[in-house]
Amino acid sequence: MTDIEELLLSRIRDVADYPEPGVMFKDITPLLADPPAFTALTDALARIAVHTGATKVVGLEARGFILGAPVAVRAGLGFIPVRKAGKLPGATLRQAYDLEYGSAEIEVHAEDLCGDDRVLVVDDVLATGGTAEASLQLIRRAGAEIAGVAVLMELAFLAGRARLEPALAGAPLKALITV
């Protein structure tokens with residue numbers, strides 16, 4: 001385990017039975033509250049953004065906003081929020097996707113991405129991969145190229161990586177921590 005993995009893991013709190021019995025929630029708020037840990041996380045994700053040749057960072061609602069915005073600033077890139085449907089004013093592109101018990105939709109402003117953009121998707125956790133997969137579809141529909149996906153933590157037992165690989169079409173998926 002690397003020093004950064006140890007630092008990040010030491011600041012992530014397990015919360016049993018949240019949001020429902022049997023779930024072990026990974027709470028990143030202690031990490032965000034610790035300036036050295038949050039800086040190390042931001043720097044690591046910004047290095048990924050630069051390495052992939054990204055021109056913009058997409059953050060997925062809501063914790064992807066918290067991580068993606070400082071990553072974009074640190075890497076000198078633009079930041080684009082991908083929001084739940086109905087939260088953005090103006091012309092949007094919308095993408096539906098399936099959840100474990102239903103479906104959801106996400107949106108992006110249509111004018112925020114163009115054919116010259118290479119987009120890195122940033123989020124806190126890769127679980128089943130549904131939201132990330134929908135964001136990749138949305139980014140491509142906007143005409144932009146996928147630079148990759150970068151997450152703080154991958155929950156490998158939920159097989160999100162396998163779900164995302166076809167949508168990534170060879171673009172990298174980087175997780176700083178895998179549990």
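Just so it is clear, the structure is predicted and the values come from calculations on it, not from any experiment.
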[X]-[Y] co-clustered via ILVMFWY side chain contacts under 4.5 Å:
| X | Y | value |
| --- | --- | --- |
| V122 | L60 | no |
| F79 | V58 | no |
| V149 | V57 | no |
| M1 | I28 | yes |
| I12 | L45 | yes |

Less than 4.5 Å apart, side chain to side chain, heavy atoms only: is that true for [X] and [Y]?
| X | Y | result |
| --- | --- | --- |
| V125 | L155 | yes |
| R140 | I146 | yes |
| V108 | I80 | yes |
| I106 | Q95 | yes |
| F38 | L67 | yes |

Compare every heavy atom of [Y] with every heavy atom of [X], then report the nearest pair and how far apart it is.
| X | Y | answer |
| --- | --- | --- |
| G129 | L126 | CA-CD1, 3.7 Å |
| D34 | R11 | OD2-NE, 3.4 Å |
| A150 | L120 | N-CD1, 4.0 Å |
| A144 | L113 | CB-CB, 4.3 Å |
| E133 | A167 | CG-CB, 4.2 Å |
| A40 | L7 | CB-CD2, 3.8 Å |

For the backbone of [Y] and the side chain of [X], can you confirm whether one donor and one acceptor N or O come within less than 3.5 Å of each other?
| X | Y | result |
| --- | --- | --- |
| K26 | M153 | no |
| D117 | C114 | yes |
| T39 | P36 | no |

- Just one of R94, K87, K84 clears the salt bridge (Lys or Arg N to Asp or Glu O under 4.0 Å) bar with E105, so which one?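 Of the listed options, the one satisfying the test is R94.
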If you count every heavy atom of other residues, nucleotides or ligands that lies below 6.0 Å from [X] atom [atom1], does the total exceed 12?
| X | atom1 | result |
| --- | --- | --- |
| F25 | CZ | yes |
| H109 | NE2 | yes |
| D17 | CG | yes |

- Is there a side-chain contact (heavy atoms from CB on, under 4.5 Å) between L152 and L8 once you walk through the steps? CA-CA 9 Å; L152 163 59; L8 298 176; 3.8 Å; yes
Rounded to the nearest 0.5 Å, what's the gap from [atom1] on [X] to [atom2] on [Y]? Could you check?
| X | Y | atom1 | atom2 | answer |
| --- | --- | --- | --- | --- |
| T52 | E145 | OG1 | CD | 10.0 Å |
| L138 | T131 | CG | OG1 | 12.0 Å |
| D14 | D27 | CG | CG | 9.5 Å |
| E5 | T178 | CD | OG1 | 7.5 Å |
| T128 | R161 | OG1 | CZ | 14.5 Å |

- Message: R63 and side-chain hydrogen bond (donor to acceptor under 3.5 Å, both in side chains): which single residue from D124, T29, D123 fits?
- Response: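 When side-chain hydrogen bond (donor to acceptor under 3.5 Å, both in side chains) is applied between R63 and each of D124, T29, D123, only D124 qualifies.
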- Please report the C-alpha distance between L176 and I48 in whole Å, then the side-chain angles of each, then the deciding distance to 0.1 Å, and finally whether the side-chain contact (heavy atoms from CB on, under 4.5 Å) criterion is met. CA-CA 10 Å; L176 299 179; I48 293 169; 4.0 Å; yes
- Item | E107 bridged to R83 by N-O distance under 4.0 Å |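 A salt bridge is absent here (no side-chain N lies under 4.0 Å from a carboxylate O).
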